Structure formats: C-alpha cells, structure tokens
K.L.:
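Have a look at the structure that comes next, please.
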Amino acid sequence: MSKKYVYLFSEGNASMRELLGGKGANLAEMSNIGLPVPQGFTITTEACTQYYEDGRRINDEIMSEIMKNVETMEQINGKKFGDLANPLLVSVRSGARASMPGMMDTILNLGLNDDVVAAMIKGNPDPKFERFVYDSYRRFIQMFSDVVMEVGKKYFEQLIDQMKERKGVVYDVDLTAADLKELAEQFKAEYKKQIGENFPSDPKVQLYEAIRAVFRSWDNPRANVYRRDNDIPYSWGTAVNVMPMVFGNLNENSGTGVAFTRDPATGEKKLMGEFLTNAQGEDVVAGVRTPMPISQMEEKFPEAYKQFVEVCGILENHYRDMQDMEFTVENGKLYMLQCRSGKRTAQAALKIACDLVDEGMIDEKKAVLMIDPRNLDTLLHPQFDAKALKAATPIGKGLGASPGAACGKVVFSAEDAKAWAERKEKVVLVRLETSPEDIEGMKAAQGILTVRGGMTSHAAVVARGMGKCCVSGCGEIKMDEENKKFELAGKTYREGDYISIDGSTGKIYDGIIPTVDATIAGEFGRIMGWADKYRRLGRQGP
Ligand code: ADP
Ligand code: MG
C-alpha cells in the first residue's frame, strides 16, 4: 500500500501533529468538534521530506493525490477553481510540527485571474465589492510573486507608494477600485519583467507553484535561524494547508482578529485580543495598522463576538490550556482559521498553570509539566528599581507587550543593534515595526520599542518568546528611521541617546533608570512544591 500524503480536515485530528503539522492537526480537530472552519486539506510533512528526497520536486504520485483532494474540496464547498459562477479561492499555508510564527510563507486569495475577477465583478455591481475584488487580486499577485518567485517585496511596495503619492492619499484603504485595478496590472507587468514569463492564470498551476514554495520556505534563512534558536530539527519538514478563503476585507460588516483566551503577559483569565474591520488576516499579524482591542468587537459585531466567546470556552475545555486563535468575520459570520496553545511569559505560565488546577481543568502533575524550565530564568530578569521608577516621569506610553525592564542606547536597525551589542553596548532597538529579518537584532538588544503594532504584532510575539522586554504600538513617536532619530514628548532622540522602557506598563522614560532583581511571585513556590512532591513520589516507585 502506498503512503497517504494528503488528509482532508475531516480525516485528521490533534494527535496527528507530526504528520499534519500543528496548524493542520488543530484545524482538523476544530473542524471535528464542530467549530466553523472552512473545509480544506493538509499535505503531510512526509510529502515535504519526500520533496527534498526527490531533489526539490513534487513527484507525480503526490501531485495526483493533491489534485484528487482539490476535487473533493471543490465538491464539499460547492465551488470550483477558475469557475466563473462560483470560483473557489484558497489560502496556502505552511505549518510545521512546532509553531514558527511568521517564519514561513502564506499565500492568500489563490485562484484569482483576469476572467474570475471580471466574472465576480459582473455578478455584483456594488462599487465597494469591485474594490474588494481588485484589492484581493493585487494582494494575491503581490504575495504570490514575493513568496513563489522570490521577486522581493520592495518592488511592489514601491509601486503602491507611487500610486498613493500620485493619488494624494496616505493609506491603502483610500485607494479606489480603479487604482487597485491599475496596481494589479502594474504588479503583473513587474512580475513579467522580473521573471520573464506571464503571471500564471491557471489556478491549478498557481496551486502547484504555491505548494512548492511552502516546501522550499522550510529551508529559507530566517526559518533556519528560528529553528536553530528553538531546537527544531531540520528533518521534520513542514506540512501545507490548503483551505477556502473567507474574507475579512469584504465590507464593513467583516473583519479579522487574533486573540488569546487568557492574558499571555500576566496569565490573567480574560479574553485578550485585537480586531481590525474590513481587513485581511495579514494586516493584523504584520502590525502595519494598529488594531482595536477585542472588547470593541463586541459593540460592532455582537453576534459574531458572542459566538467567538463560546468558541473560546469550547477550545479551552477541549485542550485544557490557554489558546491563541486566528479568526475572521465575513459578513457577520465567524470562521476559525487557527488555534494553538498560546505562547506566554514565564510569569503567565505559572499563573495559568495554578489557575487551571484551581479550576479543576488539570491536575498538579500536569501543571508542573506545563512549565518550560528554560523560561523560568526570565522571571529572574531585572525590574526597574521601584523608588527610581516612582521619581521618573514617563515621556510616552505604548503597549506593555512583553514584561521586564530595559535601558540602553537607542539604535534604529537590527544591524546596528548587533554591531553595538558586540561592542558591549547596551541598546534598545527602536523601530516602526519589526519583521522576521530583525530577529538577530532583537536578540542583541536589551529591549524593543515599536511605533506600530499591537500585542500580537511580530515584535510582541517574538519578544515574549525570547523573554525580552518589549513596548509596542507607541503611536506618539514621530519616527525618522532613515535619519536615525525620533521625536517624543517634544524632544529629539538620536542614535546613542539613553532611554528606558517598561514592558509591563508600556511606559517609556528618558535616560537611565536603575534596575533590581525581580521578586518571585507566590505561584512559583506552589509549582515548585508540586514538582518536589511528584519527584519524591516518583523516586519511591518500583
Ligand atoms: P502565520 O503562520 O504567519 O500566522 P498563517 O498561515 O496563519 O500564517 O496565515 C496568515 C494570515 O492569513 C492569518 O492572519 C490567517 O488568519 C490568514 N488566513 C489564512 N488562511 C485564510 C483563509 N482561508 N481565509 C482568510 N484568512 C486566512
Ligand atoms: Mg497564523
């Protein structure tokens, strides 16, 4: 019998993470417990390994299994690739066994081409819908080119900037349908110029290229750095998830969000998250626009919000752990796009483990196992001296995205952070926003301060993973990255000036505030007590 390389979501479950990757296994699990998940399939990590064994090629057997599953997906969803009445659009998403946020590549809106776009617009003459279609199209060409053909983001960003300048607008959302249509044409021309071939219009060809790109992205430099830092073996490979698109950018009655069932910084039991109306997933995660807190979603989307709160309860009960989720609301209806056990600070890990025991969700042994000993040392990171802190006046405030205290000299790029740190300088990396290319610089810095982005922005997520202090989304900063300076509270800060940041409160201070060692909270003692108890019981065993 030959190996099975592709699983519909309905054929998988959470225990299959080695084969389906974390994202795929959890999409299958969510779908099996009845949560609203767009129905697609997962190509296994073994298919990825096979791709490398076959000399970076998807062999015919695997390709035909993928195409069979495309047909099944078309039937389940009542839509077809390239169909003019009911076109199927999909996302192609990487997903390794261990979560690697933002490390590999995702393509959205795959399946669009000139004919499909024209048919969609013909079927719905609303000018806002036309704008949505062209926005989706230009995003797809942009992502496909960038990811699949490695054309480089900057060409497309330049074209967008030129268009905005020509139209005299500041934000993407102010571009009209006609502007976006023109952009899509420009993007295709750029693609042809760079690659020497026409942009592929056949959705099946698009899919094939996209899957190859995800397999290839397993081996890209930033994924390799992340794996090295997180002890993830190269041999694991990544799975690929193919699933129908839902559109948070359809209209004002749509949006997209990310949320945690508990506070990932403190562990407090309350829904934490962010939501952007009329936006597609990547807008939130990329931290390009600063989103609204999830509580405001309740006002705008009462029905979907209610349903989402229910889903959070179901997921926590099911997984018995704090969950990190991605979701989208299309025309008022909720769809779940991802869930996983949420990354958290050491402090939050202790609180959540103790709370789950008190709530009767887990036993003491499980609580001990939930604490990653490697993270406990972050509890011993310095905090600001309380007296000095009281005396200091903040010059600004962002979001307390990852706790701890940091002070150092301002630098404006990851390269500078690394170079200065190598000279034994303590630095705070200040950026508009961070991206995966900044990881080495973030590691070298004492702390990270960003102008844009929320609690789930790249900077925040990565900093929490590193146990590094981070303040994100300080919109008061007037940033001039190019000239290595920023303005805050009426003062200009240049490279080398001292600032201090507090990752718990989000406050920013001028100059140096002395730090002291952290005190350890009560939960630490409780968990250590349980650890001792079970270690001793273990020793008495046979
Ligand atoms: P990452 O691992 O970087 O989070 P994802 O594969 O999760 O990448 O996708 C990036 C973004 O695209 C997420 O915000 C996700 O919610 C969104 N997205 C992925 N698939 C779909 C889909 N089928 N419909 C709508 N949004 C999607
Ligand atoms: Mg994701």
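Indexing begins at 1, ligand by ligand and atom by atom, following the structure's order. These numbers come from the heavy atoms of this one structure, side chains and all, not from hydrogens, waters or symmetry mates. Since the structure is predicted, the reported quantities are computational estimates derived from the model, not experimental observations.
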K.L.:
Distance only, no hydrogens: is a donor on one side chain within 3.5 Å (strictly under) of an acceptor on the other, for Q347 and T266?
P.N.:
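On atom types as modelled, these side chains do not qualify, holding no pair under 3.5 Å.
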K.L.:
Between the main-chain N or O of S254 and the side-chain N or O of N251, is there a donor-acceptor pair closer than 3.5 Å?
P.N.:
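Yes; at least one donor-acceptor contact below 3.5 Å.
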K.L.:
Would H458 and S435 count as having a side-chain donor-acceptor pair, cut-off 3.5 Å?
P.N.:
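Side chains of H458 and S435: no pair found under 3.5 Å.
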K.L.:
Will you find, in the side chains of D54 and Q50, an N or O donor that is under 3.5 Å from an N or O acceptor?
P.N.:
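Yes.
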K.L.:
Can you tell me which portion of Q338 lies within the under-4.0 Å heavy-atom range of ligand 1? Options are side chain, backbone, both, or neither.
P.N.:
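Side chain only; the backbone of Q338 stays clear of ligand 1.
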K.L.:
Can you name the atoms of ligand 1, numbered from 1 with element, that are less than 4.0 Å from a heavy atom of M243?
P.N.:
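So the answer, numbered in order with elements, is 23 (N).
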K.L.:
Taking heavy atoms and a distance under 4.0 Å, where does N241 meet ligand 1: side chain, backbone, both or neither?
P.N.:
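It is neither; nothing of N241 touches ligand 1.
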K.L.:
Within the distance-only criterion (no hydrogens, no angle test), does the side chain of E11 pair as donor or acceptor with the backbone N or O of L8 below 3.5 angstrom?
P.N.:
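Checking the backbone N and O of L8 against the side chain of E11, a donor-acceptor pair under 3.5 Å is found.
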K.L.:
Hey, is ligand 1 close enough to T328 that some N/O pair sits below 3.5 Å?
P.N.:
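Between T328 and ligand 1, no N or O pair is found under 3.5 Å apart.
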K.L.:
Is Q280 near ligand 1, meaning one of its heavy atoms is under 4.0 Å from it?
P.N.:
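Q280 does not count as a contact of ligand 1 under the 4.0 Å cut-off.
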K.L.:
If hydrogens are left out, which of M245, R340, E326 has an atom nearest to atom 4 (O) of ligand 1, that is, the closest non-hydrogen atom?
P.N.:
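The residue whose heavy atom sits nearest atom 4 (O) of ligand 1 is E326.
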K.L.:
Is R139 salt-bridged to D135, cutoff N-O under 4.0 Å?
P.N.:
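So R139 pairs with D135 through a salt bridge.
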K.L.:
To the nearest 0.5 Å, how far apart are CD in Q142 and NZ in K188?
P.N.:
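Between atom CD of Q142 and atom NZ of K188 there are 14.5 Å.
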K.L.:
Is the distance between the ring centroids of Y305 and F301 under 6.0 Å?
P.N.:
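Y305 vs F301: aromatic centres not under 6.0 Å.
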K.L.:
What N/O/S atom of E326 gets nearest to the Mg ion (ligand 2)?
P.N.:
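Answer by atom name: OE2.
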K.L.:
Is it the side chain, the backbone, both or neither of T106 that has a heavy atom closer than 4.0 Å to ligand 1?
P.N.:
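It is the side chain that gets close, since no backbone atom is under 4.0 Å.
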K.L.:
Can you find a non-hydrogen atom of P244 under 4.0 Å from ligand 1?
P.N.:
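So P244 counts as touching ligand 1.
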K.L.:
Do any nitrogen or oxygen atoms of K23 come within less than 3.5 Å of a nitrogen or oxygen of ligand 1?
P.N.:
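It does: an N or O of K23 is found under 3.5 Å from an N or O of ligand 1.
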K.L.:
Give yes or no for whether the N/O distance cutoff of 3.5 Å, strictly under, is met between V246 and ligand 1.
P.N.:
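Right, the criterion is met.
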K.L.:
Quick test of your reading of the structure: of G22, A279, S91, whose heavy atom lies closest to atom 21 (C) of ligand 1?
P.N.:
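Heavy atom nearest to atom 21 (C) of ligand 1 belongs to S91.
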K.L.:
Using a cut-off of strictly less than 2.8 Å, determine whether Q338 has an N/O/S atom near the Mg ion (ligand 2).
P.N.:
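Yes.
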K.L.:
How many angstroms lie between CE in M322 and CE in M370, if you round to the nearest 0.5 Å?
P.N.:
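One gets 8.5 Å once the value is rounded to the nearest 0.5 Å.
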